[in-house]
Amino acid sequence: MSTVIGIDLGTSTTEAAILRSGKPDMILNFDGKAVTPSVVGVSASGSFVFGERAKAQYLMEPENTVIEVKRKIGTGEKILMGGKTYTPAELSALLLKHVKNYAEEFLDESVSRAVISVPAYFDDLQRQEVVKAGEEAGFSVERIINEPTAAAMSYGMQHMEEESHILIYDLGGGTFDVTLLEMFGGVLEVKASSGDNQLGGKDFDECLIRWLAEQFKARHGINLLKNDAAMVKLKEQAEQCKIHLSTQSSCKVEIPFIAQKDGQPLALEETLTAEQFEKLTEHLVKRTHRPIDVVLSDSGILPGDIDRILLVGGSTRMPMIARDIEGYLGQAPERAVNPDYAVAEGAAVMAAIIQGSLDEEDSLVMTDVSPFSLGVKAVDDLDRLMMSVIIPRNVTIPVVRSETYCTNADGQRTAEIEVYQGESRNVEENHFLGKFTISGIPWGPAHEQQIRVEFSYNLNGMLNVEATIVSTGERAGVEISLLNQKREESSDVLPDDQDAADVENWQDAPEAKRFRTVIRRAERRLKNDALEELPLYRIDLEEALYELKLALVKGNIQEAEELEEELLELLESR
Ligand SMILES: Nc1ncnc2c1ncn2[C@@H]1O[C@H](COP(=O)(O)OP(=O)(O)OP(=O)(O)O)[C@@H](O)[C@H]1O
Ligand SMILES: [Mg+2]
């Protein structure tokens, strides 16, 4: 089976990694560097250029070069490069193809499978576009993994036995993500994710650009913001200055020949202190608070229960970030992972798990959440269309939930079930995922007949939606791919009844904590590919695990203890 690599396709920079001898290794590009600017351009000869070369070209020929493509993913916007238009997915595909090329050179083998990370806060449409880009680049995209989850996996691999609540704070070039995880005995459980798709280092650069342009206008009466060539230089210098101010108390920006007045060239010369810069960008830092609040309240964890805060993303090098976090959460963050590599490293760990190249004992088990709510279009008491949420955001997946609705017209014989993802009460503002019709509803007055809609979001990232007419048992349904998780066949031996739904919520049982280690061990063992050759053992294990969860949710603790014994014997027997 061919190698799977992990890729962090960032707004500003892209990294790739692979797991070798149980450790993630960064894949170096043609320049021998692990970090590649996410910049693509067309050269004078018509060929594509990437990375540092493209970034340099951007200064001279912005019209032939594109930066920060990731911010446009999912917008449907067309991007002009060298006189041709491209979609964000096409440009991302070019970047990924470049990664594929240098990875093949570095590893000296063909590379056709990848795990690609995306911000946790990307919606389904944006995820689909990244998959499309990966496929266009020639990869089979084995899984889309959330960036903060990947960062946590990179940390988790090195701290397998730790038990803690970890907050991952990822402020990159274009996006902000925050995720709360619980780690215990090699199990990583994502509790909640939130973020802001439009907040990153780029916004700090823009603040500085505006400030520099204002100073210039005040001195010379010329608006640089209207001058494309000046803007390119300003952007470059603003970013340099920002980075400088992460370690120095002041910075002098000098750009010669940035404009002309009365035939005379004008230079921009400004000095800015770190303090001034922090004032200018204070409002951006404050914007990180809301996602932090969402994650804490959705996961039901108090700031005091957080054991560590890990910083990821280049923008967390700004000292004000750590200071702000400490002020807001009462705890200093740590730099326990490499902020540039952690996401790619974690994607590589996931890649190795998918490839089956990690020993069971060295492997991490991970559960994730869907950061968006899932629901159906419904009509409220006042006859207004609304989003009726069935699976709220930040519920651990896999999960099964259902809701019952009634008909809203006399003699209604069919019902259309429309499925949406998103947080708005106004269903039209959410992202449409799919629909189907259920027919054969017996005649009755409005509100008499009931339809139960069940959502089951399984480990394959598939959302199964099934509607049942309560009075007749008639069913109809649809399956929607949500790409959050690995797309693979699952062997589903669980009985298909209400119990099956309940056991998935075993963690809510009062005694769950006592049994979770053995449950996780069994789940981890079941993920081991080697079990394919031991089908009977596998079934025994699955059954005992299922019975244990069932006993737990039913509150039969004595039975659960017996089953725990049985499971331990099974686990120890191989
Ligand atoms: N020393 C530093 N001080 C301040 N900012 C920095 C520093 N080093 C890098 N940055 C900023 O970090 C950002 C890039 O970070 P990173 O490479 O983590 O982002 P990304 O992964 O490309 O983006 P995203 O995760 O948002 O898609 C840029 O805005 C860059 O200016
Ligand atoms: Mg990033």
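Start at 1 and go down the list; that is how both ligands and their atoms are numbered.
Taking any N or O of Lys242, backbone or side chain, at least one lies under 3.5 Å from an N or O belonging to ligand 1. Ligand 1 has no nitrogen or oxygen under 3.5 angstrom from a nitrogen or oxygen of Met318. Here's the thing with Thr13: one of its N/O atoms is less than 3.5 angstrom from an N/O atom of ligand 1. In terms of polar-atom proximity, defined here as any N/O pair under 3.5 Å, Asp340 makes no such contact with ligand 1. Annotation: Asp8 places no N or O atom under 3.5 Å from an N or O atom of ligand 1; distance criterion only. Between Pro339 and ligand 1, no N or O atom pair is found at a separation short of 3.5 Å. Distances between N or O atoms of Leu9 and those of ligand 1 include no value under 3.5 Å. Every N/O-N/O distance between Glu15 and ligand 1 stays at or above 3.5 Å.
Against a heavy-atom cut-off of under 4.0 Å, Gly313 is close to the following atoms of ligand 1: 18 (O). Listed by number with element, the atoms of ligand 1 under 4.0 angstrom from any heavy atom of Glu147 are 25 (O). Residue-ligand proximity, Thr175 to ligand 1, at heavy-atom distances under 4.0 Å covers atoms 24 (P), 25 (O), 26 (O), 27 (O). Applying the 4.0 Å criterion to heavy atoms of Gly10 picks out, from ligand 1, the atoms 20 (P), 21 (O), 22 (O), 27 (O). Near Gly201, the atoms of ligand 1 lying under 4.0 angstrom from a non-hydrogen atom of the residue are 29 (O).
Of the listed residues (Glu162, His159, His165), just one forms a side-chain hydrogen bond (donor to acceptor under 3.5 Å, both in side chains) with Arg308, and that residue is Glu162. Here the options are Ile7, Val312, Leu9, the test is side chain to side chain contact (heavy atoms under 4.5 Å, CB included), and the partner is Val343; only Val312 passes. The only option from Glu109, Gln355, Glu104, Arg113 that meets the side-chain hydrogen bond (donor to acceptor under 3.5 Å, both in side chains) definition with Thr3 turns out to be Glu109.
Judged by distance alone, the side chain of Asp31 and the main-chain N or O of Lys33 form no donor-acceptor pair under 3.5 Å. Of the possible donor and acceptor atoms, none in the side chain of Gln421 sits under 3.5 Å from a partner among the backbone N and O of Leu433.
The closest heavy-atom contact to atom 15 (O) of ligand 1, among the options Pro37, Gly314, Pro148, Ala238, comes from Gly314. When the heavy-atom distances from atom 1 (N) of ligand 1 to Met320, Glu239, Arg317 are ranked, the shortest goes to Arg317.
Ring planes of Phe50 and His98: parallel class, angle under 30° (limits at 30 and 60°). Between His289 and Tyr328, the ring planes are parallel. Angles under 30° get that label, and only those over 60° would be called perpendicular.
Closest protein heavy atom to atom 4 (C) of ligand 1: Ser246 OG, 3.2 Å. Among protein heavy atoms, the minimum distance from atom 24 (P) of ligand 1 is reached at Thr11 OG1, 3.3 Å. When hydrogens are left out, the protein atom nearest atom 28 (C) of ligand 1 is Ser12 OG, 3.7 Å; that is the closest non-hydrogen contact. For atom 19 (O) of ligand 1, the nearest non-hydrogen atom of the protein is Gly173 N, 2.9 Å.
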Residue pair Glu105, Asn101: steps toward the side chain to side chain donor-acceptor pair (under 3.5 Å) verdict: CA-CA 6 Å; Glu105 164 101 2; Asn101 289 342; over 6 Å; no
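In Ser315, the parts holding a heavy atom less than 4.0 Å from any atom of ligand 1 are both the side chain and the backbone.
The neighbour count for Arg71 CZ, taken as heavy atoms of other residues, nucleotides or ligands under 6.0 Å away, is above 12.
Glu90 and Ser92 form no side-chain donor-acceptor contact under 3.5 Å, judged by distance and modelled atom types alone.
At a 4.0 Å cut-off, at least one heavy atom of Gly174 sits close enough to ligand 1 to count as contact.
The side chain to side chain donor-acceptor pair (under 3.5 Å) search around Arg335 returns none, not counting sequence neighbours. Qualifying side chain to side chain contact (heavy atoms under 4.5 Å, CB included) partners for Thr85, counting only residues two or more places apart in sequence or in other chains: Lys78, Leu80.
Ring to ring, Phe30 and Phe106 are not that close: their centroids are 6.0 angstrom or more apart.
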